[in-house]
Amino acid sequence: MPTTDFRPKYVSFDCYGTLINFQLDATTRRLLDGRIPEEQWPAFKAMFRGYRYDQVCGDYYAYEQVLEDAFNRVCKRWGLAPAEGAGARFGEAVRSWGAHEDVPAPLEIMGRNYPLVILSNADHSFLDISVPRLGAEFHAVYSAEQAGAYKPRYQAFEYMLDTLAASPADFLHVSSHTRYDLMPAHDLGFTNTVYFDRGYDPHSPGYNYTTIRSLDELNGHLGL
């Protein structure tokens with residue numbers, strides 16, 4: 001558990017959802033174009049989320065195509081025709097998103113005191129647009145494209161460790177995603193992990209993370 005006595009060498013973050021406001025629902029609804037009843041939307045949304053996770057558990061390939069393939073797989077399950085150009089539409093949406101309102105000010109403070117790192121499930125072309133919107137200086141930004149693998153695959157985390165010549169003990173890793181980040185990080189020996197609770201994932205307390213609801217709260221843990 002991070003306390004004022006713990007000073008990590010790096011504070012690493014997931015990007016989309018944790019720092020950038022993840023807003024895929026509106027684009028998904030437009031692609032569906034009213035083809036499912038409103039009362040079935042929560043079930044479709046949950047299944048799409050699950051297929052996005054499943055889609056990144058294999059070999060790396062471009063993020064836009066990941067989104068398109070996951071969407072088309074769900075459409076097939078629901079007996080719906082795929083939407084032409086879905087990947088490009090999703091990609092355009094991702095590139096339009098900004099930071100959560102509660103991110104830039106405390107993140108800038110954190111960045112003046114700790115080297116910040118991003119380990120993201122996106123291609124670098126997305127991060128080149130998104131990261132400048134976060135309002136803080138980053139020591140390093142790593143993409144799935146560079147790692148050759150998406151989280152939750154260990155290869156993504158190993159790329160960050162190897163590139164920085166660091167060990168898991170050097171990090172405080174922060175994410176709003178338990179399945180993509182906190183579970184594999186725990187398995188790899190990251191002992192200082194933080195669940196930024198934005199309501200995306202159910203709690204999994206067996207993975208020994210600290211739960212926060214704001215970066216101001218995290219700065220307090222770090223004595224800032």
Side-chain angles (χ1 to χ4, degrees), residues 2 6-27 52 56 62-64 66-67 90-147 150-152 156-157 159-161 163-164 166 170-182 185 190 192-201 209-224:
F6 173 62
R7 293 193 60 84
K9 187 174 181 180
Y10 303 104
V11 181
S12 54
F13 287 92
D14 166 66
C15 187
Y16 294 98
T18 303
L19 300 177
I20 293 290
N21 190 3
F22 193 85
Q23 306 171 71
L24 209 58
D25 288 2
T27 303
R52 293 198 304 271
V56 299
Y63 186 55
E64 278 191 9
V66 165
L67 295 172
F90 284 128
E92 180 181 357
V94 173
R95 292 182 178 94
S96 74
W97 299 338
H100 286 283
E101 291 184 358
D102 60 357
V103 163
L107 190 66
E108 192 275 333
I109 293 171
M110 197 184 303
R112 285 193 265 115
N113 292 271
Y114 292 94
L116 304 181
V117 177
I118 280 178
L119 179 64
S120 175
N121 266 11
D123 301 344
H124 227 77
S125 63
F126 290 91
L127 296 166
D128 287 344
I129 294 171
S130 298
V131 173
R133 296 172 179 165
L134 296 174
E137 292 294 325
F138 281 85
H139 176 76
V141 177
Y142 300 127
S143 65
E145 181 180 15
Q146 291 170 308
Y150 289 99
K151 299 175 294 184
F157 292 90
Y159 178 83
M160 178 175 70
L161 294 173
T163 305
L164 290 171
D170 292 324
F171 290 84
L172 178 66
H173 188 67
V174 185
S175 179
S176 60
H177 307 289
T178 54
R179 295 177 73 193
Y180 286 96
D181 283 79
L182 302 181
F190 287 74
N192 294 287
T193 54
V194 173
Y195 176 45
F196 193 163
D197 187 0
R198 294 198 182 276
Y200 295 126
D201 287 2
Y209 51 73
T210 296
T211 299
I212 62 167
R213 288 173 175 80
S214 73
L215 290 185
D216 287 320
E217 184 180 350
L218 181 56
N219 279 343
H221 280 302
L222 293 169
L224 303 178

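Predicted model, so just to flag it, every value in this text is computed and none were measured. All residue numbers refer to positions in the sequence shown, counting from 1.
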Is there side-chain contact between [X] and [Y], with at least one heavy-atom pair below 4.5 Å?
X    : Y    : value
Y195 : T210 : no
H100 : L19  : no
R198 : D102 : yes
F196 : T211 : no
V103 : I20  : no
V117 : V141 : no
L119 : D14  : no
V194 : Y209 : no

- Query: What do the steps show when you test V94 against T27 for side-chain contact (heavy atoms from CB on, under 4.5 Å), and what is the final call?
  - Reply: CA-CA 10 Å; V94 173; T27 303; over 6 Å; no
Let me confirm one number: the [atom1]-[atom2] distance from [X] to [Y], rounded to the nearest 0.5 Å.
X    : Y    : atom1 : atom2 : value
L134 : I118 : CG    : CD1   : 5.5 Å
E64  : F90  : CD    : CZ    : 11.0 Å
L215 : L224 : CG    : CG    : 11.0 Å
R52  : Y180 : CZ    : OH    : 6.0 Å
S176 : D197 : OG    : CG    : 9.0 Å
L116 : L107 : CG    : CG    : 5.5 Å

- So side chain to side chain donor-acceptor pair (under 3.5 Å) across residues 129-142, not counting sequence neighbours, yields Y16-S130
Test your reading of the model: is there a side-chain donor-acceptor pair from [X] to the backbone of [Y], 3.5 Å cut-off?
X    : Y    : result
D123 : S125 : no
S96  : A93  : yes
N219 : I109 : no
H221 : D216 : no
S120 : C15  : no
E145 : H124 : yes

- Message: If the condition is side-chain contact (heavy atoms from CB on, under 4.5 Å), which residues does Q23 pass it with, not counting sequence neighbours?
- Response: N21, W97
- List for me each residue that meets side-chain contact (heavy atoms from CB on, under 4.5 Å) alongside A166, sequence neighbours excluded, and say none if there are none. Y10, L164, D170, F171
- Message: So that I can tick it off, tell me whether E217 and R213 are bridged by a salt bridge, with the cut-off set at under 4.0 angstrom between side-chain N and carboxylate O.
- Response: no
- Task: Specify whether Y150 and Y63 have parallel, tilted or perpendicular ring planes, treating 30° as the upper limit for parallel and 60° as the lower limit for perpendicular.
- Result: tilted
- Message: So which atom in N121 and which in V56 form the shortest heavy-atom distance, rounded to 0.1 Å?
- Response: ND2-CG2, 4.3 Å
- Message: Looking at F126, I'd like to know if the NZ or CZ of R95 sits under 6.0 Å from its six-membered ring centre while staying within 45 degrees of the ring's axis.
- Response: yes
- Query: Are D181 and H173 linked by a side-chain donor-acceptor pair shorter than 3.5 Å?
  - Reply: yes
